[in-house]
Amino acid sequence: MEIAFVVDDNLIGNKVAIKQTLREVAKWQENNGYPLMLFAEASLDLADDEELMRLMTEANFTNGVCGH
């Protein structure tokens with residue numbers, strides 16, 4: 001399994017777009033046997049959105065670095 005670290009200070013700046021992207025990543029991961037373990041850097045606001053957290057889990061984001 002490969003690891004990819006997604007570093008973008010604006011990762012959740014457009015929640016509509018990132019949620020759609022995460023849905024597509026989750027489908028790709030499932031169809032390909034989850035070849036990537038994903039890490040992310042995002043603001044603490046991430047935790048305020050349960051759907052976003054669920055989608056990140058489905059896309060195989062396993063670790064995160066949060067700022068303020």
Side-chain angles (χ1 to χ4, degrees):
M1 179 176 293
E2 298 293 325
I3 296 172
F5 192 175
V6 180
V7 181
D8 184 347
D9 291 337
N10 298 307
L11 182 67
I12 62 170
N14 182 337
K15 288 187 179 182
V16 172
I18 192 60
K19 287 178 181 181
Q20 183 56 40
T21 300
L22 289 169
R23 287 182 188 97
E24 294 300 321
V25 171
K27 286 179 195 175
W28 183 87
Q29 288 271 51
E30 183 177 10
N31 290 338
N32 291 282
Y34 296 91
L36 296 175
M37 180 185 305
L38 302 170
F39 295 8
E41 176 183 331
S43 68
L44 288 174
D45 299 15
L46 171 69
D48 293 335
D49 190 325
E50 290 183 30
E51 180 186 21
L52 182 56
M53 297 281 292
R54 179 183 52 77
L55 290 168
M56 290 185 80
T57 301
E58 291 174 3
N60 210 30
F61 277 85
T62 61
N63 291 286
V65 176
C66 290
H68 57 293

Non-hydrogen side-chain atoms of [X] and [Y] separated by less than 4.5 Å:
| X | Y | answer |
| --- | --- | --- |
| Gln29 | Pro35 | yes |
| Leu46 | Leu52 | yes |
| Phe39 | Thr62 | yes |
| Val25 | Leu36 | no |

- prompt: Is the closest basic N to carboxylate O distance between Arg54 and Glu58 below 4.0 Å?
  reply: yes
Drop me the distance from [X]'s [atom1] to [Y]'s [atom2], to the nearest 0.5 angstrom.
| X | Y | atom1 | atom2 | value |
| --- | --- | --- | --- | --- |
| Phe61 | Phe5 | CZ | CZ | 10.0 Å |
| Leu22 | Lys27 | CG | NZ | 12.0 Å |
| Asp48 | Lys15 | CG | NZ | 6.5 Å |

Co-membership, hydrophobic cluster, residues [X] and [Y], 4.5 Å side-chain:
| X | Y | answer |
| --- | --- | --- |
| Val6 | Met53 | yes |
| Met1 | Ile3 | yes |
| Leu38 | Trp28 | yes |

field: By side-chain hydrogen bond (donor to acceptor under 3.5 Å, both in side chains) - contacts of Glu30 (at least two apart)
entry: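 Not a single residue meets the side-chain hydrogen bond (donor to acceptor under 3.5 Å, both in side chains) criterion with Glu30.
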- request: State whether the number of non-hydrogen atoms from other residues, nucleotides or ligands found under 6.0 Å of Glu51 atom CD is greater than 12.
  value: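 Buried by this count: over 12 neighbours within 6.0 Å.
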